[in-house]
Amino acid sequence: MMESSETKTGNARQERLSALASASGADLLDLWARLGIDPACEMVRGPETGLVALRGRMGGGGAPFNFGEATVTRATVRLENGAVGHAIALGRDRRKAKLIAILDALAQEPEMEVKIETEIVAPLKAAMAARDEKRRAETAATKVDFFTMVRGED
Amino acid sequence: MYVAVKGGEAAIRNAHRLLADRRRGDRSLPSLTLAQIAEQLSLACDRVMAEGSVYDRELAALAIKQARGDLIEAIFLLRAYRTTLPRFGYSVPIDTAAMHVERRVSATYKDLPGGQMLGPTFDYTHRLLDPSLGRDGDVEEPEIREGDDAKVMRVSDTLAQEGLIEDDGDVPGEEIGDITRTPMEFPMERDTRLQALARGDEGFLLALGYSTQRGYARTHPFVGEIRIGEVEVKLDVPELGFAVTLGRIQVTECQMVTQFAGSAKAPPQFTRGYGLVFGQSERKAMAMSLCDRALRASELGEDIVAPAQDQEFVISHSDNVQATGFVEHLKLPHYVDFLAELDLVRRMRGEHAARRDLQESMPEAAE
């Protein structure tokens with residue numbers, strides 16, 4: 001029982017961090033500003049920019065290989081209540097990394113977790129889904145519909 | 001004795017100031033913004049990211065602006081920048097089967113699951129210059145088509161069901177090679193070859209791929225599939241104890257399917273070459289897959305008869321930062337080297353003349 005509840009928390013945190021990292025810094029900052037809070041925090045690490053080596057798989061699903069690197073920025077913060085939050089996201093947006101780390105730390109308190117989920121994570125996920133759907137529909141319009149032309153008399 | 005010669009400081013300073021002026025060009029025109037370059041010259045940014053081997057669109061745009069549009073110079077700038085950054089880790093391998101597909105075509109199957117989706121392609125354009133782009137006209141919004149979300153299946157999986165095509169590909173050993181950490185050694189495993197090809201010069205790989213089509217190590221290739229789109233990048237984060245998504249990157253993947261008559265090492269089947277490149281870089285991904293297949297010659301028991309099959313030749317010359325560094329260094333001062341050569345040639349000419357004089361006088365001596 002204990003294990004499954006931990007996994008659940010882990011999954012929720014994992015999903016939240018993933019959604020926050022995938023969002024644009026501007027969108028995130030905008031939603032954060034609407035939340036209207038400004039907790040004091042101490043930077044434990046960063047925000048610092050570095051590289052992550054990117055891996056693909058030969059043939060798409062075979063042995064892994066490195067095919068380049070990407071810039072990433074990470075941060076770790078500690079709030080006054082002692083909660084520690086982590087963040088890591090593609091790109092060089094330090095403010096975004098710090099903000100994600102603060103949200104990660106805040107969300108460890110159940111009440112704040114709900115607020116963050118509904119007021120920040122859910123809108124970001126919805127925006128992402130809408131963008132994906134728009135692109136999917138645009139791509140679908142370029143799908144080839146084959147037809148056969150009958151030539152001659154037989 | 002070594003005498004250091006100094007000089008040219010003022011000349012260099014003024015040359016760089018002149019460069020900055022020429023880069024900016026006519027001041028009555030607005031300066032390009034990085035966002036404009038990233039949005040409107042996006043394929044140039046893709047090439048700079050791919051060959052600079054760093055995925056960061058804004059940095060690529062900056063490099064292009066700073067290099068006055070010289071893409072190899074921009075690639076050089078990006079490579080130099082990457083050496084200043086620490087490495088945080090290796091990502092979980094990306095899953096191109098889960099790609100948010102923006103384009104997918106196959107030249108081998110007309111009716112494959114998911115269909116042929118052309119996406120934003122230059123294919124089937126007439127390659128006529130469009131004067132209307134010289135003005136700032138409105139551009140139509142793209143057409144959309146709702147309610148069509150068939151899963152975009154891999155073409156290689158289709159052929160695999162019949163056992164006619166080889167598997168995705170494996171390399172011996174657990175370790176995944178990394179040419180940015182370990183000096184290159186030949187023969188090289190396929191994983192490190194693919195890493196070198198992924199950052200290799202598009203023009204060089206294109207020419208080599210073309211050479212295989214023209215008969216220098218013919219493989220009779222078909223595009224099994226090209227897909228372009230966004231994939232998620234995930235990283236195992238030790239302090240969290242799980243993998244998180246860091247965001248998405250756009251990649252182009254090419255599965256080249258090639259005929260193979262069989263050898264002592266493998267039965268007749270379709271073999272494959274693989275290309276994976278940052279951004280929308282279809283030509284590069286295709287060239288990469290042709291080169292990958294040609295470089296698998298010894299693995300498949302083929303005779304090495306052409307340049308494209310020679311790993312040392314291909315991989316050692318594929319990096320345009322190395323290539324441009326070595327070629328372009330020739331223009332830097334070699335005054336002392338040349339002075340020594342001059343002296344050597346003078347001496348050799350003297351000896352040559354002396355030998356000729358001697359030979360001319362020899363017949364008389366013999367008589």
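Because only heavy atoms are used, hydrogens play no part in the values below, and waters and symmetry mates are left out as well, while side chains stay in. Naming: A, B, ... by sequence-line order, numbering from 1 per chain.
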Do you know which of [options] has the most heavy-atom pairs with chain B at a distance under 4.5 angstrom?
options                     : value
A:G91, A:G50, A:A19, A:S22  : A:G50
A:T139, A:L51, A:L20, A:T49 : A:L51
A:A23, A:A87, A:G68         : A:G68

With a 3.5 Å distance limit and no angle check, can you tell me whether B:T245 reaches the backbone of A:S18 through a side-chain donor-acceptor pair?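 Flag not set: sc B:T245 to bb A:S18 has no pair under 3.5 Å.
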Which one wins on heavy-atom pair count under 4.5 Å against chain A: [options]?
options                        : value
B:L85, B:I176, B:V251          : B:I176
B:D191, B:D111, B:I144, B:D95  : B:I144
B:P86, B:G275, B:A198          : B:P86
B:E230, B:E232, B:E141         : B:E230
B:C254, B:A243, B:G273, B:G229 : B:A243
B:T121, B:L194, B:D167, B:T192 : B:L194

Over all atoms of both residues, closest heavy-atom pair of [X] and [Y]:
X      : Y      : value
A:V52  : B:S91  : CG1-N, 3.8 Å
B:E146 : A:A137 : OE1-CB, 4.3 Å
B:P93  : A:G56  : CB-O, 4.0 Å
B:I94  : A:F67  : CD1-CZ, 3.8 Å
B:Q255 : A:G59  : NE2-O, 3.0 Å

Within 6.0 Å of CD in B:E39, more than 12 heavy atoms from elsewhere: no
For the CD atom on A:E42, are there more than 12 heavy atoms of other groups (residues, nucleotides or ligands in this structure) within a distance under 6.0 Å? yes
From [atom1] ([X]) to [atom2] ([Y]), nearest 0.5 Å:
X      : Y      : atom1 : atom2 : answer
A:E138 : B:M117 : CD    : CE    : 13.0 Å
B:L78  : A:E69  : CG    : CD    : 10.0 Å
A:M58  : B:D170 : CE    : CG    : 7.5 Å
A:R55  : B:K234 : CZ    : NZ    : 15.5 Å
B:L235 : A:I88  : CG    : CD1   : 5.0 Å
A:L54  : B:F278 : CG    : CZ    : 4.5 Å

What part of [X] gets within 4.5 angstrom of chain A, counting heavy atoms only: side chain, backbone, both, or neither?
X      : value
B:Y274 : side chain
B:V237 : side chain
B:V233 : side chain
B:E102 : both
B:E58  : both
B:R190 : both
B:R87  : both
B:L59  : both
B:R104 : neither

Note: B:D168-A:R57 ion pair, threshold 4.0 Å (strictly below): no
Does this structure show an ion pair linking A:R45 with B:E239, if we count only N-O contacts that are shorter than 4.0 Å?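 Looking at B:E239 together with A:R45, the answer is yes, because their closest N to O distance falls below 4.0 Å.
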Quick one: what part of [X] sits under 4.5 Å from any heavy atom of chain B, side chain, backbone, both or neither?
X      : value
A:E48  : both
A:D132 : side chain
A:F146 : side chain

For residues B:H100 and A:R135, determine if any side-chain heavy atom of one lies less than 4.5 Å from a side-chain heavy atom of the other.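 The answer is no, as the side chains (C-beta and beyond) never meet within the 4.5 Å cut-off.
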May I ask you to establish whether A:R13 and B:F242 are in a cation-pi arrangement, using a distance under 6.0 Å from NZ or CZ to the six-membered ring centre and at most 45° from the ring axis?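 Ring-cation test returns no.
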Before you tell me yes or no, could you show the steps for B:Y55 and A:L90 under side chain to side chain contact (heavy atoms under 4.5 Å, CB included), namely the whole-Å CA-CA distance, both residues' side-chain angles and the distance that decides it to 0.1 Å? CA-CA 9 Å; B:Y55 196 99; A:L90 287 182; 5.6 Å; no
